Amino acid sequence: MIKNFKWLALVALTFVACNNEDETIVSNSSNGLPLTSGSADFSKFVAIGNSLTAGYSDNALFIEGQKVSYANIMAEQFALVGGGAFKIPFMADNIGGFKINGTQFAGPRFYFNGTGPAPVAGTPTTEILNPAVVAAGPYNNCGVPGAKSFHLLSPSYGSAAGIAAGTANPYYVRFAPNATTSVLAYAMSQAPTFFSLWIGNNDVLGYATTGGDGTNPITPSAGVAGVGFDATYNTLVNSMTSVCAKGVVANIPYVNTVPFFTTVPHNPLSTTVLGGGNAAVGVATINALNTQLYGPLKAALSAVGGAGRIDLLSTTAANPLLIKDESLTNLSAQLTAAFTPSLGAALAGAYGAIFGQARQATATDLVLLTTQGAIGAAPTASDSGIGVAPSSPLNKFGITFPLQDKHILVPTEIAELKTATDNYNVTIKTAAVAKGLAFVDANTLMTIIASGGISANGYNVTNTFITGGGFSTDGVHPSPRGYALIANSFIEAINAKYGSNLKGVNLSDYRILFPGTL
């Protein structure tokens, strides 16, 4: 829980004037220096965005996580200089997840059980179709987990009838005023005096977390509003600044700065791993694999134009995963022909289908955090990529059967993500400059966190999974301390732009991770 700050005690609060060019002065009892809002007016602050704005953490949305969203931390600091109430559509519990008409659809949240992420005990009690939640609005925190940029313009995004079809979002349905009001319209209807906008992460992240398999495409930069990111983002900013001239926006971090993509190594196959904890068994396993699979496959690929894709496994070093790289020339037909004399047509055909675009992973590939559970598991007919479940010995993902597109980001996909992110960030910065908004370079912030960390208040916050302090157990969303660090970055940008001198928060007052019971 966030501890109380002594300097939050206010000695005097004086409202100088009501227009947003005047200052609200507060005396800070801990050092005697006056706090000022500068030229900003925080009396009606509205935050727009996705799961990051909502305070999503540990693979769920829950009360204590919502309390430490960067938006709420900012609102608490705004309150020191005349900021008004910041209403949040709190979930019903700290279990996380939700139900729709009594049926559970998401949750519970994760916690670290000493060995890895695990679901907390209990069943979610949050009911999406609870009219009392809508009646208690409007809510200042308009962060909607899962939202992409164009979703914020959709008038049907809060329609309960659209949940099953995927045109609506359950989290927004829960607090939307009706079935026809977009998130943008909802935010504007509150006549904010100050806003924050952090959107676009999911426009690339959805593609990345599915391994670039095409099921969740990157939002193109070009295109009309509601389709392309550029036009959509400009519509969002132009609309908000038409009712509220002052605000803060943030750009999009590269996906390879979050532990979801950097935790699982490309080469985890040591003798101990392959031997199930017994190195001697691992050595024997490697020798057998080299003789029966890797050696013949290396020779065949080298003969048909695939030299360098496969090498023999080592008994002294960690070995790379076996993966499918769809950017490679498909050598299925050539492999089938090469193996037919020794294996027969049927088995040779299977080898060709399985290994036509196979190679061993390198340090330039990103293995998804969720792929960790797939390594060594048996492919099924639905996820093998060949329509059938392969039989032994070709039935171990990453070892004798290539991990599929959904498991890995290969360099061509990583390049696509970087290009999209760079393009988005140009649009975001350009809009911020054109409208005179405060700007947070979240991309640089996350890059620093991923490159050794940021030290503050006696802590070094990094992106190391579980122990780094910056991220929660889902590997994507920040921890409480990570959200506090982000809030401070927003506050620094606001101070620089509008002449305020908000102090930010002390990172030591925020947890690294939430416990199993709250």
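Worth saying up front: this structure is predicted, and the values here are computed from it rather than measured. Atoms considered below: every heavy atom in the structure, side chains included; atoms not considered: hydrogens, waters and symmetry mates.
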Side chain to side chain donor-acceptor pair (under 3.5 Å) pairs, two or more places apart, involving residues 206-227: Lys148-Asn216, Asp203-Thr219, Tyr207-Glu416, Asp213-Thr215

The single option from Phe78, Phe195, Tyr498 that satisfies ring pair (Phe, Tyr, Trp, His ring centres under 6.0 Å) with Phe42 is Phe78

Could you tell me whether the side chain of Asn72 and the main chain of Lys67 form a donor-acceptor pair under 3.5 Å? yes

Go through the steps to decide whether Leu368 and Phe260 satisfy the test side chain to side chain contact (heavy atoms under 4.5 Å, CB included), and finish with yes or no. CA-CA 6 Å; Leu368 277 54; Phe260 188 88; 3.6 Å; yes

Test: Arg174 cationic atom under 6.0 Å from Phe98 six-membered ring centre, within 45° of axis: no

Side chain to side chain contact (heavy atoms under 4.5 Å, CB included) assessment of Phe514 paired with Val120: CA-CA 11 Å; Phe514 287 107; Val120 300; over 6 Å; no

Is there a donor-acceptor contact under 3.5 Å from the side chain of Glu127 to the main chain of Gly102? yes

Using 0.5 Å steps for rounding, measure from the CG atom of Leu518 to the CD atom of Glu64. 6.0 Å

Answer yes or no: is there a donor N or O on one side and an acceptor on the other, between the side chain of Asn251 and the main chain of Asn443, under 3.5 Å? yes

Taking Thr371 for the side chain and Ala374 for the main chain, is one N or O donor matched with an acceptor at less than 3.5 Å? no

So, does Asn140 use its side chain to make a donor-acceptor pair with the main chain of Lys87 at under 3.5 Å? yes

List for me each residue that meets salt bridge (charged side-chain N to carboxylate O under 4.0 Å, His left out) alongside Lys418, sequence neighbours excluded, and say none if there are none. Asp422

Does the side chain of Thr115 pick up a donor-acceptor pair with the side chain of Asn113 at under 3.5 Å? yes

Output yes when a side-chain donor or acceptor of Asn495 lies under 3.5 Å from a complementary backbone atom of Leu502, and no otherwise. yes

Can you classify the ring geometry of Phe229 versus Tyr424 as parallel (below 30°), tilted (30 to 60°) or perpendicular (above 60°)? parallel

Residues in ring pair (Phe, Tyr, Trp, His ring centres under 6.0 Å) contact with Phe261, at least two apart in sequence or another chain: none

For the OG1 atom of Thr473 and the CZ atom of Phe112, what is their distance to the nearest 0.5 Å? 10.0 Å

For Ser57 and Ser472, indicate whether the former's side chain and the latter's backbone hold a donor-acceptor pair under 3.5 Å. no

Please check this pair: side chain of Asp58 against backbone of Ala60, looking for a donor-acceptor N/O pair closer than 3.5 Å. no

Can a donor-acceptor pair be found, under 3.5 Å and without considering hydrogens, that links the side chain of Asn59 to the backbone of Asp474? no

Among side-chain atoms of Tyr157 and Thr167, is any donor-acceptor pair under 3.5 angstrom? no

Side-chain (Asn488) to main-chain (Val505) donor-acceptor, under 3.5 angstrom: yes

Give a yes or no on whether the ring-centroid distance for Tyr510 and Tyr483 is below 6.0 angstrom. no

Val440 and Leu445: side chain to side chain contact (heavy atoms under 4.5 Å, CB included), yes or no, with the steps? CA-CA 9 Å; Val440 179; Leu445 175 70; 5.5 Å; no

